[in-house]
Q: 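Sharing a structure here in structure tokens format.
So you know, we letter chains A, B, ... as the sequences are listed, proteins then strands, and number each from 1.
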Amino acid sequence: MTTTSATDDVLARARQRATPLRRALIAWFAREQRELPWRATRDPYAILVSELMLQQTRVDVVIPYFERFMQRFPDARTLAAAPEAAVLAAWSGLGYYRRARFLQAAAHAIVDEHRGAFPRSHDAILTLPGVGPYTAGAIASIAFGLPVPLVDGNVARVLARWFALDGDQRSSADQKRLWAIADALVDAANPGDFNQSLMELGACICTPRAPRCSSCPVARECDAKKLGDPERFPAAKPRKATIDVRLAVLAVFDAKRRIGLVRRAAGTRMEGMLDLPGLEIAADDDAASELARHARSAFRIDARTLELAGRARHTITHHRIAIEVWTATLGNGTSAKGSSVREPAPLGIAARPDAAGLTFWDPARLRAEGVANLAGKALRIVGIAHARHA
DNA sequence: AAGACGGGGAG
DNA sequence: CTCCCAGTCTT
């Protein structure tokens with residue numbers, strides 16, 4: 001009731017201001033927009049790749065990944081035909097690795113369900129794996145010029161300031177309101193540029209902290225500025241408590257100086273990526289004995305002479321992980337026969353994410369494999385570089 | 001509706 | 001250190 005009338009009110013204000021906002025924003029965008037690699041094309045596949053990479057990830061981080069990825073997988077058919085390991089390798093260091101599998105699944109859907117032609121309707125785009133309301137709006141408006149809105153973190157903040165919305169943006173009611181406002185504002189004649197200009201404003205001018213209102217092309221239309229404290233909008237999200245985790249991992253080498261790695265299992269984080277064997281332990285656990293026991297029970301490996309090679313810290317979402325990297329030698333009687341230790345299969349076969357065993361890898365071959373940054377830090381401690389791409 | 005997911009860069 | 005980013009999917 002109250003919500004409905006408040007929504008009606010803000011929608012009326014949005015419609016009132018729509019024309020000046022569109023004009024000012026699009027003119028500003030034409031003048032000031034950053035040159036970004038995915039803005040040089042209207043290829044919907046390229047837009048899809050960029051949008052998946054940009055989910056929860058900053059532009060500056062994405063740029064080199066996008067360029068490498070497009071060079072390696074220039075179209076949906078190439079991506080669909082590629083080994084999953086190659087796709088994960090291209091994603092190494094970018095995070096949210098699930099997105100890489102979604103993207104390849106989307107490529108499969110384009111090839112198998114749309115005969116290789118990128119779907120052109122908003123509804124069809126929305127059915128692609130990894131594509132939610134935001135990404136569908138982005139592809140539909142930017143690549144196909146469809147007059148649909150989009151709301152991402154930037155747009156939500158800009159709208160909250162323009163209309164002085166201080167509700168909880170995560171609530172479904174507020175989400176619905178933001179999308180309704182964006183829908184009322186979107187420029188049907190130029191939806192792609194309008195949507196991008198909204199995001200560009202949020203990224204470059206209307207920043208979370210210290211917004212550059214003096215450079216804002218639409219400052220006159222901003223309710224939050226009139227109220228004197230634009231930074232107050234939107235309301236801050238309650239933060240989650242950080243959880244401390246102690247992680248012990250084992251670096252075990254075979255006679256050829258290959259390192260034993262596991263493939264992250266389905267249903268776990270970093271699924272499909274290579275990782276060092278290891279386990280979470282309690283603060284008062286003895287890491288060496290826990291690792292030895294784990295190696296025996298999980299891999300039938302007789303890990304001996306454990307030594308602490310080094311430590312690293314890694315923070316993911318609200319987990320603060322203290323990593324301990326231990327080296328070990330293999331005791332007598334540990335061999336491929338009678339254990340779950342296996343020779344690495346050729347690329348593509350070794351990439352099966354359900355492979356639970358330990359496989360031994362020549363460090364030089366790891367470049368062609370997905371390794372998350374968490375494992376990358378541990379590998380660096382034992383002298384194996386798997387940088388966030390060279 | 002809430003939680004999981006990876007990581008980094010800015011302030 | 002804290003915040004939060006061109007979000008989506010699962011439970």
Q: In whole Å, I'd like the distance from the CD atom of A:Q56 to the C1' atom of B:dG3.
A: 13 Å
Q: If I take atom CZ in residue A:R58 and atom P in nucleotide B:dG11, what distance separates them, rounded to the nearest angstrom?
A: 9 Å
Q: Please tell me which of A:K240 and A:A210 maps to the more 5' nucleotide of DNA chain B, matching each residue to the nucleotide holding its nearest heavy atom.
A: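 This one resolves to A:K240.
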Q: What side chain to side chain donor-acceptor pair (under 3.5 Å) pairs are there with at least one residue in residues 122-134 of chain A, not counting sequence neighbours?
A: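 Output for this query lists A:E51-A:Y134.
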Q: Give the C-alpha distance, both sets of side-chain angles, the deciding distance and a yes or no for side chain to side chain donor-acceptor pair (under 3.5 Å) between A:R39 and A:Q196.
A: CA-CA 10 Å; A:R39 286 184 179 160; A:Q196 290 188 83; 3.1 Å; yes
Q: Considering every strand and a 4.0 Å limit on heavy-atom distances, what is the contact class for A:R320: base, sugar-phosphate, or nothing?
A: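 Answer is sugar-phosphate: A:R320 comes under 4.0 Å of backbone atoms only.
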Q: Under 4.0 Å from a heavy atom of chain A: give me the 5'-most and 3'-most nucleotides of DNA chain C that qualify.
A: C:dC1 to C:dC9
Q: Taking the nucleotide of DNA chain C with the closest heavy atom to each, which residue, A:L126 or A:Q196, is nearer the 5' end?
A: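 It is A:Q196, whose closest nucleotide lies nearer the 5' terminus.
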Q: Quick one: label A:A138 by what it contacts on the DNA or RNA (base, sugar-phosphate, nothing), any heavy atom closer than 4.0 Å.
A: nothing
Q: On a whole-Å scale, what distance lies between the P atoms belonging to C:dA6 and B:dG11?
A: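 Their P atoms lie roughly 13 Å apart.
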Q: Both A:P208 and A:Y96 contact DNA chain C. Which one's nearest nucleotide lies toward the 5' end?
A: A:P208
Q: Does A:R98 make a cation-pi contact with A:Y96, if we ask for NZ or CZ under 6.0 Å from the ring centre and within 45° of the axis?
A: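 Judged by the rule (NZ or CZ under 6.0 Å from the ring centre, within 45° of its axis), A:R98 is not positioned above A:Y96.
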Q: If I take atom CD1 in residue A:I323 and atom C1' in nucleotide B:dG7, what distance separates them, rounded to the nearest angstrom?
A: 12 Å
Q: Mind checking A:V62 for me? I need base, sugar-phosphate or nothing, with any heavy atom below 4.0 Å counting as a touch.
A: nothing
Q: Check this one for me: any side-chain N or O of A:S172 less than 4.0 Å away from OP1 or OP2 of B:dA1?
A: yes
Q: When rounded to the nearest Å, what value does the distance between C1' atoms of C:dC3 and B:dG6 take?
A: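 C:dC3 and B:dG6 have their C1' atoms separated by 16 Å.
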Q: What nucleic acid atoms does A:M53 come within less than 4.0 Å of, heavy atoms only: base, sugar-phosphate, or nothing?
A: nothing
Q: Look at the aromatic rings of A:F118 and A:F144 and report parallel, tilted or perpendicular, splitting at 30° and 60°.
A: tilted
Q: Just how far, in rounded Å, is P of B:dA1 from NZ of A:K176?
A: 11 Å
Q: Checking all strands, does A:R269 fall into the base, sugar-phosphate, or nothing category for heavy-atom contacts under 4.0 angstrom?
A: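 Sugar-phosphate only.
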Q: Indicate yes or no: at least one non-hydrogen side-chain atom of A:R246 is less than 4.5 angstrom from one of A:D285.
A: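 A:R246 reaches A:D285 side chain to side chain.
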Q: Between A:H314 and B:dG7, does any side-chain N or O lie under 4.0 Å from OP1 or OP2?
A: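 So the side-chain polar atoms of A:H314 do come within 4.0 Å of the phosphate oxygens OP1 or OP2 of B:dG7, strictly under.
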Q: I want to check a possible cation-pi pair here: A:R68 against A:Y65, using under 6.0 Å from ring centre and within 45° of the ring axis as the test.
A: yes
Q: With sugar-phosphate meaning primed atoms plus P, OP1 and OP2, does A:L374 contact a base, only sugar-phosphate, or nothing at under 4.0 Å between heavy atoms?
A: sugar-phosphate
Q: Nearest heavy atom decides the nucleotide; on that basis, is A:S171 or A:K377 closer to the 5' end of DNA chain B?
A: A:S171
Q: Set out, in order, the CA-CA distance, both residues' side-chain angles and the distance that settles side chain to side chain donor-acceptor pair (under 3.5 Å) for A:S197 and A:R22, then state yes or no.
A: CA-CA 9 Å; A:S197 69; A:R22 289 170 188 153; over 6 Å; no
Q: What distance do A:L94 atom CG and A:M53 atom CE have between them, rounded to the nearest 0.5 Å?
A: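 One finds 6.0 Å between CG of A:L94 and CE of A:M53.
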Q: Classify A:I142 by what it touches in the nucleic acid, base, sugar-phosphate, or nothing, heavy-atom distance under 4.0 Å.
A: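 A:I142: no heavy atom of the nucleic acid under 4.0 Å.
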Q: Give A:T135 one of three labels, base, sugar-phosphate or nothing, depending on what nucleic acid heavy atoms sit under 4.0 Å from its own.
A: sugar-phosphate
